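Fair warning: this is a prediction, and the values are worked out from it, not measured in the lab. Below, chain A is the first sequence line, B the second, and so on; all start at residue 1.
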Protein chains: 2
Amino acid sequence: MINPNDRLLVISTSTIHGFSFLEYIKDEIKEFIQSDEIIFVPYARPSGISYDDYTQNVKDALQTVGISVKGLHTFENKKEAILHAKAIFIGGGNTFLLLKTLYELGLIEELRSVVHNGTPYIGTSAGSNLTGLTIGTTNDMPIVYPPSFDALQFLPFNINPHYLDPDPNSTHKGETRETRINEFHKFNHQVVVGLREGSWLRVENGVVELKGKLSARIFRQNEQPIEFESGILEEKVYRI
Amino acid sequence: MINPNDRLLVISTSTIHGFSFLEYIKDEIKEFIQSDEIIFVPYARPSGISYDDYTQNVKDALQTVGISVKGLHTFENKKEAILHAKAIFIGGGNTFLLLKTLYELGLIEELRSVVHNGTPYIGTSAGSNLTGLTIGTTNDMPIVYPPSFDALQFLPFNINPHYLDPDPNSTHKGETRETRINEFHKFNHQVVVGLREGSWLRVENGVVELKGKLSARIFRQNEQPIEFESGILEEKVYRI
């Protein structure tokens, strides 16, 4: 069951084709957080960008909707910063690096605690992977070794962000995304929600709603995948 | 330095477009092993295929060149089987699952030992990832949690099999392969050899030779990638 206090925006991607960073989603973020400041968690470091530069990009994108942004890395006492945050935004990049860093800083329990007390949580890409049970359905390269693949576990299923349909014209013999998720289901029971770029889940009052332009692809173990168009995702679909 | 006794075929993919399983590479395998039997290691289980079925596919493919195949899973004493193998072939599938299984069965040191004593080793895809220092440049989903990312470490660099060039027409915002390898190099020093489908490395007498149809893309930390066409890969290129 999803904690009814949890408020989550689980976003497939920070950027969609033809739009600048966060442009398509910033109004939703503004309305969702119901305040004017967030703590940004830059630890996933896409392309190895520095914490400062990554945070600056978020500042630049969100100042246009009147949100002020502080990087978690700038706080000496990070647990205190999370405790007092009005909203938390964990950005995309490398999921292994992100999770390892959060474990090393001892912030996993703190994040769970404040979200269960109602602090709004926004995740994009790797930050969305963390809302699920494990990072076992990330698309990222295992560039570092985290002490566990267990994620923040706000949702009783897994997320696959940047979900990508097979290219019918491809001659490449590497596995398709669907094949990979099917392999995951040989060894794991939980449902996997494949979120296409431009889609996101909004979670409030224990209810999961699919928003955005595209349907989501839902993978249940030993069943055919389901295309879910939009709206409320019923519990029977994502529970095992 | 590569152990001069090591004999390796490090193959990007078992199957290339337009050919059946192992068809394009089976003559090279036959000539390489200099015998008529191999032990096949089916633990990577592509698409979750059973050990028996996977081994049968290899049997069917290699009987046409007069090689008999036994699955390692059929031996009660697997360490003995490896010790007495005339050649070892580790097939592709999921690299995390493969490595975890080898650690759990306690076969890592046994494999290193026999290869350093001259037993020919053939790897495809996940089996090729294992010849490098770590599995940190696999393309696979982390469907299970291995006790370490350290691989068999026959080569003093990492392999990225199924290397895929960026698609200039793509509107997808997930990371390209090159971006992922660049992220790897923010946290790891070793060279990464991107092997395109249809190419392989043949390693003998401490010498690494690139064979097959396509160039390899070689990534060195903090340097521009190099396109290596074919032939002997000089040590200065892959050593750090």
Side-chain angles (χ1 to χ4, degrees), chain A residues 12-19 21 44-49 92-97 100 125 134-150 160-165 167 170-188 192 196-198, chain B residues 12-19 21 44-49 92-97 100 125 134-150 160-165 167 170-188 192 196-198:
Chain A
S12 176
T13 181
S14 60
T15 313
I16 57 173
H17 183 65
F19 289 81
F21 180 60
R45 298 186 61 188
S47 297
I49 190 173
N94 187 281
T95 311
F96 296 87
L97 177 61
K100 179 170 187 274
S125 191
T134 73
I135 65 163
T137 48
T138 177
N139 310 307
D140 295 335
M141 238 178 212
I143 64 174
V144 296
Y145 185 69
S148 166
F149 285 168
D150 287 349
N160 179 250
H162 302 280
Y163 182 76
L164 192 61
D165 293 289
D167 174 0
S170 175
T171 60
H172 189 70
K173 294 294 182 179
E175 293 90 343
T176 66
R177 190 68 59 81
E178 184 156 331
T179 300
R180 294 173 193 279
I181 294 171
N182 286 336
E183 289 182 354
F184 176 81
H185 270 154
K186 297 287 175 177
F187 302 93
N188 301 272
V192 179
R196 294 184 175 90
E197 294 184 346
Chain B
S12 175
T13 181
S14 60
T15 313
I16 57 173
H17 183 66
F19 289 80
F21 181 60
R45 298 186 59 188
S47 299
I49 190 172
N94 187 281
T95 311
F96 296 88
L97 177 62
K100 178 170 187 273
S125 191
T134 74
I135 64 162
T137 47
T138 177
N139 310 306
D140 294 335
M141 232 176 218
I143 63 173
V144 296
Y145 185 68
S148 165
F149 286 169
D150 287 349
N160 179 251
H162 302 280
Y163 182 75
L164 192 61
D165 293 289
D167 173 0
S170 175
T171 60
H172 189 70
K173 294 293 181 178
E175 293 89 344
T176 66
R177 190 67 59 81
E178 184 155 329
T179 300
R180 294 172 193 279
I181 294 170
N182 286 337
E183 289 183 354
F184 176 81
H185 270 153
K186 296 286 174 176
F187 302 92
N188 300 273
V192 179
R196 294 184 176 90
E197 294 185 346

Within the 4.5 Å heavy-atom criterion, are A/His172 and B/His162 side-chain neighbours or not? yes
With the side chain counted from C-beta on, respond yes when A/Asn160 and B/Met141 share a heavy-atom pair under 4.5 Å apart, and no when they do not. yes
The interface call for A/Ile49 against chain B, heavy-atom contacts under 4.5 Å, is neither
Contacting region of A/Thr134 [heavy-atom separation from chain B under 4.5 Å]: neither
Return the NZ to CZ distance between B/Lys100 and A/Phe187, rounded to the nearest 0.5 Å. 8.5 Å
Under 4.5 Å from a heavy atom of chain B, the part of A/Thr171 involved: both
Is there side-chain contact between A/Asn139 and B/Arg180, with heavy atoms separated by less than 4.5 Å? yes
Quick one: pull up NE2 in B/His185 and CD1 in A/Ile143 and give me the separation to the nearest 0.5 Å. 11.0 Å
Students often mix this up, so state it plainly: with edges at 30° and 60°, are the rings of A/Phe149 and B/Tyr145 parallel, tilted or perpendicular? perpendicular
Donor-acceptor pair, B/Asn182 side chain versus A/Ser47 backbone, under 3.5 Å? no
Less than 4.5 Å to any heavy atom of chain B: does that hold for the side chain of A/Asp140, its backbone, both, or neither? both
Does some side-chain heavy atom of B/Phe184 sit less than 4.5 Å from a side-chain heavy atom of A/Pro142? no
Relative to chain B, which segment of A/Thr179 carries a heavy atom at a distance below 4.5 Å: side chain, backbone, both, or neither? side chain
Counting heavy-atom pairs closer than 4.5 Å to chain B, which one of A/Pro147, A/Ser170, A/Ser14 comes out on top? A/Pro147
B/Asn94 side, atom CG; A/Glu175 side, atom CD - distance, nearest 0.5 Å: 7.5 Å
